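Have a look at the structure below, then the notes.
Bear in mind the structure is a predicted one, so any value in this text is a computation, not a measurement. Throughout, a chain's letter reflects where its sequence line sits, starting with A, and its residues are numbered from 1.
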Amino acid sequence: MSECRQEQITCPHCQCNSPMTVWESINVTLDPEIKDQLLNGELFRWKCEICGSEAIVPFGTLYHDMTNKFMLFFSPWDDENTQPDESIDIPGKHLCKGYTFREVFGINHLREKIAIFEAQLNDIAVERMKFFLRLDVANEILPNDELYFLQVDTSAKLIEISGWERGAINFIRIRDGKESDVLSYKMEAYYDYLLAVKMDSRMCENQCSCVDENWMKTKLQTM
Amino acid sequence: MYFYKKVGDIGPFEICKTDYHGDNVGLRDRSGRWVITPEMGFQSFSDYDDGLMVAYRRTDNGGGFILVDYHGNCISDVYGYIKPANEGYYIVDKGVRQNIMRRDGSLVLKDWPHYVGKVRDGYFHISNTIRKTKTTPTRYIYGIAHVSGIVVFPMIFESVDFYDDPNDSSSYVKQNGEPYCVYDGAIYDPQKRHYPSTEKKLDIDKYINQIINWILPGLQFFYRDTDADIDVEKMYPIGKVLRTGFNTSVSAKLQQPAQKTRFLIAAAHAAKLYSEEDGEVNEDGLYLSPRAEEWQHAVLSKNSWLKVLDVYKVGDVTQVFMIQIPETAAQIFEDNEVLFNFIDDYETEGYTLVEYARKSLNEKMRQLVHPRSTDRDFISLMWRPVGYTLAGTPYSIEPDYSLEEQPLGRWSNTPENNRHLNTRIHWLAGDRDIVHYYDEFPWRGIVGTVCDGCMYAKGTNGVPNGCGRLFQKTFRKNYIRGVCEFWKFSIKEESDFERDTRCKKEREKEFKAKTSGAYAYSLLYDFIDEHLHGDINNLLKFDFNTLFNSEKYGPIKGPTVIPNFAIMRSIIEVAFGDYWPDLNVETLDNYQYQIGTIINFHRLAGARVAHRRFMLLERVLPDPRLVDLAENLHAQCNTIGDFIVWPNKVTMANMFDDHKMRGYIDRLFIDIYDVMTDAKKQNMDVKAALYKNRKMMKNYQGKDGFIAFMKNALLDDFINEDGSPKHLFDGVSINAKDFKLDLLPGALRQYHDFMVPTIERRSQRIVELLKERLNLH
């Protein structure tokens, strides 16, 4: 079940203390409504009970999905300097058979990881795919573009139009000063990357690490 | 100011050397200005690329190669060797290891492999050598890297090659003997085994009836007794589903078991090799197993699935009772309660199947041991425990499409024999899976179909959407008709399609070569080198009979006679190709033209059966002088001058060997002349032949045409000065009614005296003609 505690936050305007619910862990299987609040940022929103001013108060939490068997140790600060180099050691991990553990930094990465695991995909294969999509200049993904997994589209309409029998894997590209756009690739491409991950022993991750672009780059630089 | 001399060019510069600086060289630009002076100590420059080049500089430590700019600034460290790697990168050597270097001198890889390949679109191959040990040979492992410094795939492959298309950076790789394609950091299995099936979830109830109707009708007990060590509890727990794994022989009739374990198999789809009592003789079964009748021999194919229903022990004998189920039941409904409750509750003669099986053993135990239960060959055939390997492990439930099963009886273990056996067993058993409909296509799996045993079968992934070789449409077409020209057992074998394609390509290539003259000229050049010691004059005495067994120069099509030899057809094409429309080896192969001979002495001397032995002369006039003449004539036969080419829409080559012309070719020329000049009296056979061959004879019409025909064929000796044909011989023939023995010596001498020198002269002229055509003067 989800666990929370109350914290007193001092209002930057009136200097009065007001309570805020800080969730230490969120079990989205048991408390699905909290998931929506987390993903739309509502959970981090704090309002001063005295003066009514509002502020965003980010906090780290454990995201637990029992249905899809994954746990995400979420930290809202998406800053390289705040990210630890070592993976988290999880006590009793052996009891959670079939679970995937990940560290996640930043809300966008959290959204992405949730989408990946809920779509029953392998996040390492998705990261590998993203890495090589960036590497191929033909895809026109700039170094500062943010690229996140969006969804797997297996709608009959798409399959009929595109002829992509297994549907499409969609990514969202966020570029400064431009509207976000969606990049679609054949789902078969994902399976090709998944096979690559299975064959490449460096792509194995049993610890609780932050599997992102940097992780992928580090792994790929080893021989 | 140096006194210098130019020793070479590189890019926009001249490499120059002076008298003052030993081996050192420098670079001067087009205006004569030194851009790199010899004092800088370089001994060579190479591989100029956009301002950078590889230079060699000797040092106290032995020297090495450096990347320098055109001011002589060293861009890189010193390496054992530097060579361009395409796309502005360089391969650098350090000891036995290599790396890729960028234009700024930085290295791409942190670790140095033993080998790096050239760069293609940013990607390059890397390799390491694993030295041999006492037990393993030297091995090479391959990987793929990128110029950004990442190792796309570590060295996990047995081989790696770029695609043939130079603009494609994808690679073919092999791992554990399986081919894959690597592209953009992903890897693709051509057999598509890594793609999840697109099959929709099965509606179980829909298949229950089909499965029951597969299992129960025609259900019959089969027996297999063995004394093999079997832990029944572990190996055959009730409910376990097994695949037989090998072609499992069973008997339709046994009595009391003579061995300690009896497999009682209830099967409706066993291949019965024996004849039914009221049926016809089972020829197919007897072909597979000659003792089928005696043993009541039946076979469950290696891809048969059995479910253990009961284990029952009477005395020392343990009976394992199993029932044959279809593939779908084994794969998907392994523990489906509805299905197996139905089977458990199925009653025959008031007993459930298990009760009936137990009753069977109880009754058998009261019977005598059947003699076949003690037959050594029979015991050996039945020895292996059902569903287990020789090592004692159960076979995988997944079907096995390989053809590695030892065939029955005396058959040798080859893929062809095994495929044939496989096909026959499935045909006799009728054990193909139940039908699954995919967009109305009736799919019954791979086992027992045309795809069984094919290396591409795994590519179906259990659905009829194509295989490892074919797309859906062709795959389904071949599946239904039961014939597939793409079937192949292994990558080393050739499928029918591949063989046909190869033969077609070879035929096209051959056709092109034969019609273009390339084949004839090339063969003739080779022939002169290989058989005439480089001198075409040796063709005059060459005995073509020595080429009977030559694949290259000998018979290529038609009966094994010299005119059908490749070399003879090539000679005719080269010598006479200009005088006949489309005369070449191909049209000779297709009998549009035919090569005939001029000499025909059989009607004067008879057949030559041995040296100096001519049948006719020996019989009627054994005069050694006549034999000499006949031998001389024989010596000219099959020399190059004896051969003549004829159009062959209607055969003309042997037209003169009939009762009218009596084997004398001069008579044929006279008749041809008569037809061409529209004489009053004409030989109608010759006229018809010339008419039929009119397209090829289009350049040979009228008297002038006849003269041209004779001259082009180098038959000038057969015509008079005015171009009319000579009447050369009296026409004596042993077969003729008017034959008189006293005329024979004169006739033979007459024939000899004309033919021998004429053929010799003609041979010489043909050789001269060939020299001219082949530029051998």
Q: May I ask you to test the B:His146-A:Phe132 pair for a side-chain heavy-atom distance under 4.5 Å?
A: no

Q.
Any non-hydrogen side-chain atom of A:Met223 less than 4.5 Å from a side-chain atom of B:Met155?
A. yes

Just wondering, are more than 12 heavy atoms of other shown residues or ligands nearer than 6.0 Å to [atom1] in [X]?
X: A:Glu140; atom1: CD; value: no
X: A:Arg175; atom1: CZ; value: yes
X: B:Asp104; atom1: CG; value: yes
X: A:Lys130; atom1: NZ; value: yes

So which part of [X] gets closer than 4.5 Å to some heavy atom of chain B, the side chain, the backbone, both or neither?
X: A:Met129; value: neither
X: A:Phe131; value: side chain
X: A:Ala189; value: both
X: A:Leu135; value: side chain

Q. Most heavy-atom pairs under 4.5 angstrom with chain A, which of B:Asp111, B:Asp121, B:Val152, B:Ile156?
A. B:Val152

Q: For each of B:Tyr195, B:Tyr188, B:Phe153, tally heavy-atom pairs with chain A at distances under 4.5 Å, and name the one with the top tally.
A: B:Tyr195

To the nearest 0.5 angstrom, please state how far the [atom1] atom of [X] sits from the [atom2] atom of [Y].
X: B:Ile187; Y: A:Lys198; atom1: CD1; atom2: NZ; answer: 12.5 Å
X: A:Asp192; Y: B:Tyr183; atom1: CG; atom2: OH; answer: 3.5 Å
X: B:His194; Y: A:Met199; atom1: NE2; atom2: CE; answer: 10.0 Å

Q. Looking at A:Ala196 and B:Gly185, what are the two nearest heavy atoms and their distance?
A. CB-O, 3.6 Å

Q. Given that the side chain runs from C-beta out, which part of B:Asp189 has a heavy atom under 4.5 Å from chain A: side chain, backbone, both or neither?
A. both

**Q.** Contacting region of B:Val182 [heavy-atom separation from chain A under 4.5 Å]
**A.** neither

Q. Highest number of heavy-atom pairs under 4.5 Å with chain B: which of A:Arg202, A:Glu188, A:Gln221, A:Met203?
A. A:Arg202

